[in-house]
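Computed over heavy atoms, backbone and side chain alike; hydrogens, waters and symmetry mates excluded. As the structure lists them, so they are numbered: ligands from 1, and atoms in each ligand from 1. Not measured: the values here are computed from a predicted model.
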Amino acid sequence: MQTTLTDSAKEAADILNSGGVVAFPTETVYGLGAGIDNPEAIRQLFHAKGRPGDNPLIVHIYSLEQLADVADEINPSARVLIERFFPGPLTLVLKKNQLVPYSVTAGLETVGVRCPANLLAREFLSHCSSPVAAPSANLSGLPSATSWETVFEDLQGKINGVLRGKPSSIGLESTIVDCSGPMPILLRAGAITLEQLQAVLPEIALNIVTNEAAPPKSPGLKYPHYAPKASLILVHANDRITIGPHSAYIGISSPPEEFSLAKICPNLEEYGRELFSFFRHCDAEGINVIYCELPTNTGIGRAIRDRLIRASGSH
Ligand code: AMP
Ligand code: MG
């Protein structure tokens, strides 16, 4: 399959509207889109990524009017979050309506919905003839793609097009809040922080699994994610470590040891933005072990911790 690279949102949308699977930039990570009204494109999307069919896709919209095309019921907590954080890096899980096929929601009666803030994403979505189902535009299990070059590396020849934009400004996947039940629940940490959510919804709960036998609230969370080929070792700022050859480091504190490759980030925002591209850079350089500083569980540190713990396979 020929993968068209384009800088034109209209051309990318035309490819999607004619049944294609197209990657596009967003402020979180690049997304891999297919029209929700095109079952064959949805099937190809799962196939291109190697994504298990029981891992639902997030539906992307460009305007609040489009919410009615995907969600059946918008309860008061969802309204508060929409008012405060849409458009932006927040996905809401809502009761789906009958226009959203079960192939998108992996059989669930709920749908994840996001309205990205990235202007090129919105221009692209505005030219698409239906809402767009889009997981992250990377091969399943690998670190998410935060640049079009990375998307192309993973998916060249497997998808119909890539809309080339700037590198993702956040670099971590969206915050997900389940608003389909009586109580809002934080399912995945992201750039919209727990503290920001609590400021408008003090009753928001954390997704603590109390019953292992119950179906997972966010099915995708059970799969290995974000992992580079190198193994990860999670460290704290003052840990003394003995490093071997071909080791790398990423964090916000300077380590006392000499690494062959190191990224010291001036703040947590930069750490989040650089994390996945650093993982991929380390793999390209033949690094065996990446030491990653575990930030505290506050602000965007919660999302970075979550990705590090999942990527290291230690959750
Ligand atoms: P990705 O697009 O690769 O970041 O993955 C999307 C994530 O959103 C998956 O991990 C899903 O578990 C979660 N998600 C999408 N739709 C739903 C839904 N209806 N209910 C719960 N979680 C969802
Ligand atoms: Mg993903």
Side-chain angles (χ1 to χ4, degrees), residues 21 23-34 36 42 45-46 48-61 67 70-74 78 89-97 99-116 121 131-146 150-151 154-155 168 170-181 183-192 205-207 209 214-228 272 275-276 279-280 303 306-307 309-311 315:
V21 176
F24 61 99
T26 86
E27 69 274 26
T28 57
V29 299
Y30 271 65
L32 184 61
I36 63 164
I42 302 280
L45 186 161
F46 274 96
K49 268 194 69 124
R51 185 173 175 103
D54 66 350
N55 192 353
L57 309 179
I58 292 172
V59 174
H60 291 68
I61 57 174
L67 259 181
V70 290
D72 229 7
E73 183 192 308
I74 297 165
L90 176 68
T91 297
L92 295 184
V93 172
L94 303 168
K95 294 224 167 72
K96 80 171 198 74
N97 76 12
L99 297 177
V100 181
Y102 287 114
S103 56
V104 167
T105 69
L108 298 172
E109 293 300 336
T110 56
V111 59
V113 188
R114 183 161 101 81
C115 182
V132 172
S136 52
N138 53 278
L139 289 175
S140 212
L142 294 191
S144 299
T146 55
T150 311
V151 175
D154 269 19
L155 297 169
S168 300
I170 293 171
L172 299 169
E173 303 77 2
S174 57
T175 304
I176 305 181
V177 178
D178 182 0
C179 284
S180 65
M183 173 87 104
I185 304 170
L186 176 64
L187 296 183
R188 179 170 74 185
I192 303 292
L206 294 176
N207 183 27
V209 180
K217 276 224 173 304
S218 192
L221 299 183
K222 69 177 186 244
Y223 288 107
H225 255 92
Y226 321 122
L275 182 65
F276 291 137
F279 282 175
R280 288 189 178 250
D306 168 74
R307 304 311 188 271
I309 290 170
R310 285 177 198 287
H315 70 289

Could you walk me through whether Thr28 and Arg114 pass the side-chain hydrogen bond (donor to acceptor under 3.5 Å, both in side chains) test, one step at a time? CA-CA 11 Å; Thr28 57; Arg114 183 161 101 81; 3.1 Å; yes
Let's go through Ser136 and Glu173 carefully: what are the C-alpha distance in whole Å and the side-chain angles of both, what is the deciding distance for side-chain hydrogen bond (donor to acceptor under 3.5 Å, both in side chains) to 0.1 Å, and is it a yes or a no? CA-CA 8 Å; Ser136 52; Glu173 303 77 2; 5.3 Å; no
Set out, in order, the CA-CA distance, both residues' side-chain angles and the distance that settles side-chain hydrogen bond (donor to acceptor under 3.5 Å, both in side chains) for Arg307 and Ser144, then state yes or no. CA-CA 10 Å; Arg307 304 311 188 271; Ser144 299; over 6 Å; no
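In this structure, of Arg114, Arg51, His60, the residue bringing a heavy atom nearest to atom 3 (O) of ligand 1 is Arg51. Relative to atom 16 (N) of ligand 1, the option among Pro56, Ser136, Gly31 with the closest non-hydrogen atom is Pro56. Remark: among candidates Leu94, Thr91, Val113, Val93, the nearest residue to atom 20 (N) of ligand 1 is Val93, based on non-hydrogen atoms.
Numbered from 1 in the order shown, with element, the atoms of ligand 1 that lie under 4.0 Å from a heavy atom of Thr110 read 18 (C), 19 (N), 20 (N). Listed by atom number, the atoms of ligand 1 under 4.0 Å from Asn55 heavy atoms are 9 (C), 10 (O), 11 (C), 12 (O). Listed by number with element, the atoms of ligand 1 under 4.0 Å from a non-hydrogen atom of Leu108 are 18 (C), 19 (N), 20 (N). Counting atoms of ligand 1 from 1 in the listed order, those under 4.0 Å from a heavy atom of Val111 are 19 (N).
Using 4.0 Å as the threshold, Ile176 has a heavy atom nearer than that to some atom of ligand 1.
For Arg188, a nitrogen or oxygen atom sits less than 3.5 Å from a nitrogen or oxygen atom of ligand 1, counting backbone and side chain alike.
Residue contact annotation: Ser140 places no N/O/S atom under 2.8 Å from the Mg ion (ligand 2).
Of the possible donor and acceptor atoms, none in the side chain of Thr175 sits under 3.5 Å from a partner among the backbone N and O of Leu90. At least one donor-acceptor pair under 3.5 Å links the side chain of Arg51 to the backbone N or O of Pro56. Arg310 places no side-chain N or O within donor-acceptor distance of the main-chain N or O of Tyr226, the cut-off being under 3.5 Å.
No side-chain heavy atom of Val59 sits under 4.5 Å from any side-chain heavy atom of Lys96.
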